[in-house]
Amino acid sequence: MSIFKRKKHLETNSMDNGVNIITVSAPNSVNTEQFNTIRTNIEFSNADKQIKSLVLTSATASEGKSTVAANLAVAFARQRKKVLLVDADLRRPTINATFNISNPIGLTNFLTGHSISINDIFYKTTVENLYVTPSGPTPPNPSELIGSKRMEKLIVALQEAFDLVIYDAPPVLSVTDAQILATKVDGTILVVRENKVEKEAVKQAVGLIQHVRAKIIGTVLNDASGVAAGYYGYYGKEK
Ligand SMILES: Nc1ncnc2c1ncn2[C@@H]1O[C@H](COP(=O)(O)OP(=O)(O)O)[C@@H](O)[C@H]1O
Ligand SMILES: [Mg+2]
């Protein structure tokens with residue numbers, strides 16, 4: 001038996017090249033329509049209160065969190081909502097690459113440097129009404145930063161400044177960041193990639209989110225062969 005644990009190879013394509021924003025490159029496609037449907041489902045998921053902040057997470061890496069987060073952000077922005085997409089996956093960020101932002105100032109700069117204001121960390125994109133906050137340089141203590149008081153205050157401030165804030169978070173089974181964020185927003189969406197993740201892992205992820213009493217408002221099934229003529233399915237919370 002080897003004493004060395006084999007390190008799992010994690011895909012880095014979306015960190016290097018960004019994710020595919022099909023809602024922009026193919027606005028009339030079936031996939032764009034599916035993202036619009038997911039948007040509508042989210043809007044109607046809570047009758048009592050308008051959803052103003054969302055966390056997107058998954059059980060494991062590379063299930064499509066960043067892809068779904070970016071496309072959903074576009075779908076909401078197209079409804080004339082002022083939307084902010086925040087790269088809260090500090091270990092595997094994608095937003096700089098996806099939106100071609102060359103300025104590295106982002107979330108971690110705000111959380112560690114007191115001279116940086118909230119206005120310094122969001123950027124306009126080519127999509128009207130859509131703004132993004134990149135992760136900033138990777139810190140040695142990501143979970144500590146995500147769990148900090150300063151992060152908590154930022155979440156409240158951003159919710160005031162935008163109609164909707166979407167946090168692209170790390171996977172639940174790797175680190176605690178998504179669980180922490182989930183407790184501070186209006187709703188959590190679990191992205192599940194078909195044929196990529198074991199059912200048991202998804203169950204564990206749901207358990208961890210529920211354990212902190214966060215609210216899962218729905219699940220997005222990514223890369224789904226069973227969904228007619230497309231890739232994305234949405235399942236609301238069972239009533
Ligand atoms: N439905 C899909 N069809 C094909 N490729 C996809 C799909 N969803 C995601 N990908 C690809 O899978 C990789 C991981 O996606 P990403 O959104 O970065 O996942 P995560 O943020 O969960 O790590 C990327 O290269 C992305 O382009
Ligand atoms: Mg990602």
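Residues Thr60 and Glu63 have side chains that bring a donor and an acceptor to within less than 3.5 angstrom of each other. No hydrogens or angles considered: nothing links the side chains of Thr40 and Thr37 as a donor-acceptor pair under 3.5 Å.
For the atom pair NZ (Lys215) and CD1 (Ile209), the distance works out to 14.0 Å, reported to the nearest 0.5 Å. To the nearest 0.5 Å, atom OG1 of residue Thr219 and atom CG of residue Asn41 are 11.5 Å apart. Considering CD1 of Ile22 and OG of Ser29, their distance stands at 4.5 Å, rounded to 0.5 Å. If you take CG on Asp168 and OG1 on Thr98, they are separated by 8.5 Å, rounding to the nearest 0.5 Å. In this structure, CZ in Phe110 is found 9.5 Å from CG in Asn119, a value given to the nearest 0.5 Å. In this structure, CZ on Arg80 lies 8.5 Å from CG on Asn129, to the nearest 0.5 angstrom.
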For this session: Tell me, with the steps shown, if Leu130 and Val74 meet side chain to side chain contact (heavy atoms under 4.5 Å, CB included).
Result: CA-CA 7 Å; Leu130 177 61; Val74 172; 3.9 Å; yes
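Residues Leu56 and Ile180 fall within the same hydrophobic cluster, defined by Ile, Leu, Val, Met, Phe, Trp and Tyr side chains chained together at heavy-atom separations under 4.5 Å. Val165 is connected to Ile116 through a chain of hydrophobic side-chain contacts under 4.5 Å among Ile, Leu, Val, Met, Phe, Trp and Tyr, so both are in one cluster. Residues Ile166 and Ile217 share a hydrophobic cluster, clusters being chains of Ile/Leu/Val/Met/Phe/Trp/Tyr side chains in contact below 4.5 Å. Both Val202 and Leu173 belong to a common hydrophobic cluster when Ile, Leu, Val, Met, Phe, Trp and Tyr are linked at side-chain heavy-atom distances under 4.5 angstrom. Ile189 and Ile155 fall within a single hydrophobic cluster, where Ile, Leu, Val, Met, Phe, Trp and Tyr are joined by side-chain heavy atoms under 4.5 Å apart, directly or via other members.
A salt bridge links Lys81 with Glu43: the closest approach of a Lys/Arg side-chain nitrogen to an acidic carboxylate oxygen falls below 4.0 angstrom.
Closest of all the heavy-atom pairs between Tyr123 and Ile105 is OH-O, 2.8 Å. When every heavy atom of Ile121 is checked against every heavy atom of Gly106, the shortest pair comes out as CG2-O, 3.4 Å. Taking each heavy atom of Asn17 and Ala97 in turn, the nearest pair found is C-CB, 3.9 Å. Of all the heavy atoms in Ala70 and Leu85, the pair that sits closest is CA-CD2, 3.8 Å. Contact between Thr188 and Ala214 at its shortest, heavy atoms only, is OG1-CB, 4.5 Å. Between Gly64 and Asn222 the shortest heavy-atom distance is CA-ND2, 3.5 Å.
Considering only heavy atoms from C-beta on, Leu221 comes within 4.5 Å of Glu194 through its side chain. You'll find the side chain of Asp89 stays beyond 4.5 Å of the side chain of Ser66, heavy atoms only. Looking at Thr57 and Leu190, their side chains come closer than 4.5 Å, going by heavy atoms from C-beta outward. Between Asn36 and Arg78, every side-chain heavy-atom pair lies at or beyond the 4.5 Å cut-off. The shortest side-chain heavy-atom distance between Leu154 and Val86 does not fall under the 4.5 Å cut-off. Put simply, the side chain of Thr126 does not reach to within 4.5 Å of the side chain of Phe99, judged on heavy atoms.
A distance-only check finds no donor-acceptor pair linking the side chain of Arg193 to the backbone of Asp223 [under 3.5 Å]. A donor-acceptor contact shorter than 3.5 Å links the side chain of Asp87 to the backbone of Thr94. Thr138 contributes a side-chain N or O that, together with a main-chain N or O of Leu90, makes up a donor-acceptor pair within less than 3.5 Å. Judged by distance alone, with hydrogens and angles left aside, the side-chain atoms of Thr176 form no donor-acceptor pair with the main-chain N or O of Gln179 at under 3.5 Å. Put simply, the side chain of Asp177 never gets that close to the backbone of Ala88: no donor and acceptor are under 3.5 Å apart. In terms of modelled atom types and a separation under 3.5 Å, the side chain of Lys65 and the main chain of Ser58 share no donor-acceptor contact. A donor-acceptor pair is defined here as one N or O able to donate and one able to accept, closer than 3.5 Å; no such pair exists between the side chain of Asp163 and the backbone of Val83. The backbone N or O of Glu11 sits less than 3.5 Å from a side-chain atom of Arg92, completing a donor-acceptor pair. Checking side-chain atoms of Gln159 against main-chain N and O of Ser53 turns up no donor-acceptor pair under 3.5 Å. For the pair Ser14 (side chain) and Val19 (backbone), a donor-acceptor distance under 3.5 Å is absent.
Take Ala157 and apply the side chain to side chain contact (heavy atoms under 4.5 Å, CB included) test, not counting sequence neighbours, and it matches Ile118.
Within the structure, ring-ring contact (aromatic ring centres under 6.0 Å, His included) contacts touching residues 134-159 (residues at least two apart or in different chains) do not occur. Residue pairs meeting the ring-ring contact (aromatic ring centres under 6.0 Å, His included) criterion with at least one partner in residues 159-206, sequence neighbours excluded, are Phe122-Phe162, Tyr131-Phe162.
None of Ser148, Pro142, Pro139 except one satisfies the side-chain contact (heavy atoms from CB on, under 4.5 Å) rule with Leu111; the exception is Ser148.
Heavy-atom neighbours of His114 NE2 from other residues, nucleotides or ligands within 6.0 Å: above the threshold of 12.
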